[in-house]
Each structure stands twice: as C-alpha cells, then as structure tokens.
**Student:** 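Structure below; questions to follow.
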Amino acid sequence: MAKTHSILLGFTFLMISAFSFAQELKVEGYFLQDSAKLGEKVPYVLKATYGKGYNIIFPDSTYDFSPFVFHEKQTFISSTKEGLTLDSAVYYVANFSLDPVLKFSLPVYEILKYDSITYYADEADLALKLMINPLPEQLSFQDNNVYQPIDTDFNYPLLIGVLVAVLILAAVLFFFFGKPIQKKWQLWLEKRKYKRFLLRWEKAEASFSNNPDTDNADELLGLWKTYMEHLKAKPFREWTTLEISDFLENKEIIKDFREIEMIIYAGKEGKDIGQACQNLKGICAETYQQKITQKDERK
C-alpha cells in the first residue's frame with residue numbers, strides 16, 4: 001500500500017512538472033534571409049509563446065539594435081490556442097558593418113510587479129553579401145583615342161571681375177564725357193522727333209488738301225500746336241491765335257490760322273490754304289533749327 005502511494009505521488013509530481021514546463025515563456029528569433037547587401041533592409045522575426053499569467057512586452061524603436069540600424073517595426077495580433085498565447089513582431093533592420101557574419105538577438109521582457117525578467121532568443125546569423133566581383137589577375141584595358149570633351153565649371157570670379165571693370169570704366173567715361181554724350185543723345189532725339197513730325201504733317205496736309213473738312217483742319221492745327229508746344233515748352237494748345245501771334249511776334253500767322261479756321265468755324269474753304277500750310281510748316285522748321293542750334297552752342 002505504501003509502495004502504491006509512492007507511485008501515485010511520483011506520477012502527480014511528473015504531471016505538475018510537465019504542465020509547468022508547458023507554461024514557460026519561450027522566445028524565438030531569426031532572419032527571413034541568410035545574407036544581405038550592405039545597407040539592405042532585412043526582416044527579423046521575434047516570437048514569444050507563453051501561458052497564462054505572463055505580462056510581456058517587445059522592444060520598441062528606442063532599443064539599441066547595434067550593430068544594426070533600426071528602420072521600422074511591424075506587429076501582429078496575439079493568438080491563443082490550447083492555453084498558450086503567441087505574440088510576434090517583425091523588425092526591419094539594416095547592416096552597415098563590413099564583418100563577414102553578424103550575430104543578432106532581441107529580448108522579450110516579462111513585466112513583474114516591482115521588476116522585470118529578460119528572455120533572449122538564440123542568436124541568428126546574417127552574412128554580408130558582397131557586390132564587387134574579385135579583380136582578375138591580369139587587367140585588360142581598352143584602347144580609345146577618341147577625344148572626350150570634359151565639362152568645365154563656369155568661371156564666376158572672372159565674370160564678376162569683368163562686370164566690375166566695365167562698371168568702373170563706364171563711371172569714368174560718364175564723369176569725363178557724360179555731359180557731351182548726354183547732349184548728343186538729346187540732339188539725336190530732337191532730330192528724330194522732327195522727322196516724325198514732318199512725316200505726320202505731310203500726311204495730314206495731303207488729307208486736308210484732298211478733303212478740306214473740319215476733322216482734317218482740326219487734325220492739322222492740333223499737330224502744329226502740339227509740336228510747337230514741345231519746341232517752346234509753352235501751352236500752345238490752350239492759347240488763342242492772338243496769344244500765339246504775340247508770343248511768336250508774328251502777325252502774319254493770324255492770316256494763316258484764319259485760312260484754316262474758316263473751315264472749322266464757318267464751314268468755308270479759304271483762298272490760299274496751301275500757302276497757309278507751308279507758312280505754318282516753315283515756322284516749325286525755323287523754331288526747330290533755333291532749338292538744335294542752341295543745343296550745339298551749349299557744348
């Protein structure tokens with residue numbers, strides 16, 4: 001009877017031990033590939049299997065993954081089967097070491113009330129995959145006598161120096177020759193304006209001679225007053241005929257204006273419109289000559 005009791009106690013102890021062993025926390029870690037290139041992102045799988053009563057956590061991005069560099073972490077929902085729970089995560093790391101083979105292992109932490117227990121997975125190996133082919137014993141070179149153009153950098157300091165020199169030269173020239181050049185420029189502009197006036201006057205005079213109506217007469221007198229206003233810098237377009245005559249000290253101009261104004265105000269054609277147009281044109285030419293002569297004398 002005592003022997004039977006001893007056998008039952010031994011069997012009970014073995015069952016309790018086996019159940020306790022089945023409830024222990026097991027950690028497994030491995031790479032999904034056996035080799036990788038330098039800097040290549042490699043997945044590392046970390047698994048933990050445990051029974052009831054465990055409170056575990058996996059490493060996060062703050063963990064020191066040396067000699068690897070951490071990229072990202074992918075987690076999965078826990079699964080429980082027959083009283084055992086499986087947690088898993090995939091860590092993507094990269095190797096920048098030139099060692100032929102690196103060993104790597106991540107832990108799983110069991111959180112207790114006042115402390116924690118660390119469980120490490122077995123070390124997993126990752127070999128370095130070299131991309132450079134070994135050099136041959138004898139190097140072969142290919143002859144090439146074709147000219148190969150080489151791009152050269154733009155010489156910005158030289159450009160800046162040239163621009164500074166040009167600015168200095170321009171400043172010197174302007175200091176010594178600025179006024180004569182400016183006067184020449186103004187004289188050229190004045191001659192250009194006079195040529196444009198003559199072209200417009202001849203066109204307006206031809207239209208007025210062919211069709212002496214109010215619009216053409218007004219166009220002709222307006223053109224004359226505008227150009228004289230430019231030459232004399234006086235308000236010719238606002239003045240009356242008498243005021244213009246007094247300013248120019250030319251009484252004959254009253255007659256010329258009236259030859260044209262008769263069409264505007266009376267609707268009648270004057271006796272000598274052509275001569276009146278020539279006289280007004282001559283006054284512009286004479287005033288223009290006086291202006292450019294004064295500019296030449298000021299040099």
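Fair warning: this is a prediction, and the values are worked out from it, not measured in the lab.
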**Student:** How would you list, by chain and number, every residue that makes a salt bridge (charged side-chain N to carboxylate O under 4.0 Å, His left out) with D99, sequence neighbours excluded?
**Tutor:**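 Residues passing salt bridge (charged side-chain N to carboxylate O under 4.0 Å, His left out) with D99: none at all.
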
**Student:** Once salt bridge (charged side-chain N to carboxylate O under 4.0 Å, His left out) is applied, do any residues pair with E286, and if so which ones, sequence neighbours excluded?
**Tutor:**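 Result, salt bridge (charged side-chain N to carboxylate O under 4.0 Å, His left out) vs E286: none returned.
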
**Student:** Within the side chain of N216, is there an N or O that forms a donor-acceptor pair under 3.5 Å with the backbone of P212?
**Tutor:**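 No: the side chain of N216 does not pair with the backbone of P212.
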
**Student:** Quick one: list whatever passes side-chain hydrogen bond (donor to acceptor under 3.5 Å, both in side chains) with Y288, sequence neighbours left out.
**Tutor:**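 With sequence neighbours excluded, Y288 shows a side-chain hydrogen bond (donor to acceptor under 3.5 Å, both in side chains) to no residue whatsoever.
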
**Student:** For L158, what are the other residues in its hydrophobic cluster, where any two members join if their side-chain heavy atoms are less than 4.5 angstrom apart?
**Tutor:**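 Members alongside L158: V162, V166.
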
**Student:** Please enumerate all residues that pass side chain to side chain contact (heavy atoms under 4.5 Å, CB included) together with E205, with sequence neighbours excluded.
**Tutor:**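 Result, side chain to side chain contact (heavy atoms under 4.5 Å, CB included) vs E205: W201, S209, L220, C277, Q278.
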
**Student:** Under the rule for salt bridge (charged side-chain N to carboxylate O under 4.0 Å, His left out), what residues qualify as partners of K103, not counting sequence neighbours?
**Tutor:**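 Residues passing salt bridge (charged side-chain N to carboxylate O under 4.0 Å, His left out) with K103: D125.
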
**Student:** Looking at S245 and T241, would you say the former's side chain and the latter's main chain have a donor-acceptor pair under 3.5 Å?
**Tutor:**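 Judged by distance alone, no pair lies under 3.5 Å.
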
**Student:** Residues two or more places apart in sequence or in another chain: which of them pass side-chain hydrogen bond (donor to acceptor under 3.5 Å, both in side chains) with T62?
**Tutor:**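 Residues passing side-chain hydrogen bond (donor to acceptor under 3.5 Å, both in side chains) with T62: D60.
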
**Student:** Please tabulate, for the side chains in residues 192-199, all donor-acceptor contacts under 3.5 angstrom to protein atoms that are two or more places apart in sequence or on a different chain.
**Tutor:**
none

**Student:** Give the C-alpha distance, both sets of side-chain angles, the deciding distance and a yes or no for side chain to side chain contact (heavy atoms under 4.5 Å, CB included) between V42 and F68.
**Tutor:** CA-CA 10 Å; V42 182; F68 291 89; over 6 Å; no

**Student:** Between K81 and L86, is any pair of side-chain heavy atoms under 4.5 Å apart?
**Tutor:**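 Side-chain contact under 4.5 Å: no.
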
**Student:** Which pairs pass salt bridge (Lys or Arg N to Asp or Glu O under 4.0 Å) with one or both residues in residues 64-79, sequence neighbours excluded?
**Tutor:**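 Of all non-adjacent pairs touching residues 64-79, those that pass salt bridge (Lys or Arg N to Asp or Glu O under 4.0 Å) are K41-E72.
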
**Student:** With sequence neighbours left out, write down each residue that passes salt bridge (charged side-chain N to carboxylate O under 4.0 Å, His left out) with K113, or none if nothing qualifies.
**Tutor:**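 Residues passing salt bridge (charged side-chain N to carboxylate O under 4.0 Å, His left out) with K113: none at all.
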
**Student:** Could I get the full list of ring pair (Phe, Tyr, Trp, His ring centres under 6.0 Å) partners for F65, not counting sequence neighbours?
**Tutor:**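 Counting only residues at least two positions away or on another chain, F65 forms a ring pair (Phe, Tyr, Trp, His ring centres under 6.0 Å) with Y63, F70, Y91.
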
**Student:** According to the interplanar angle, ranging from 0 to 90°, do the rings of W239 and F247 count as parallel (below 30°), tilted (30 to 60°) or perpendicular (above 60°)?
**Tutor:**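 Answer is tilted, since the angle falls between 30° and 60°.
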
**Student:** Taking only residues two or more places apart in sequence, or in another chain, which ones meet F154 in a ring pair (Phe, Tyr, Trp, His ring centres under 6.0 Å)?
**Tutor:**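 Counting only residues at least two positions away or on another chain, F154 forms a ring pair (Phe, Tyr, Trp, His ring centres under 6.0 Å) with Y156.
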
**Student:** Look at the side chain of S88 and the backbone N and O of K47, then say whether any donor-acceptor pair between them is shorter than 3.5 Å.
**Tutor:**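 No, the answer is negative, given that no donor and acceptor are paired below the 3.5 Å cut-off.
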
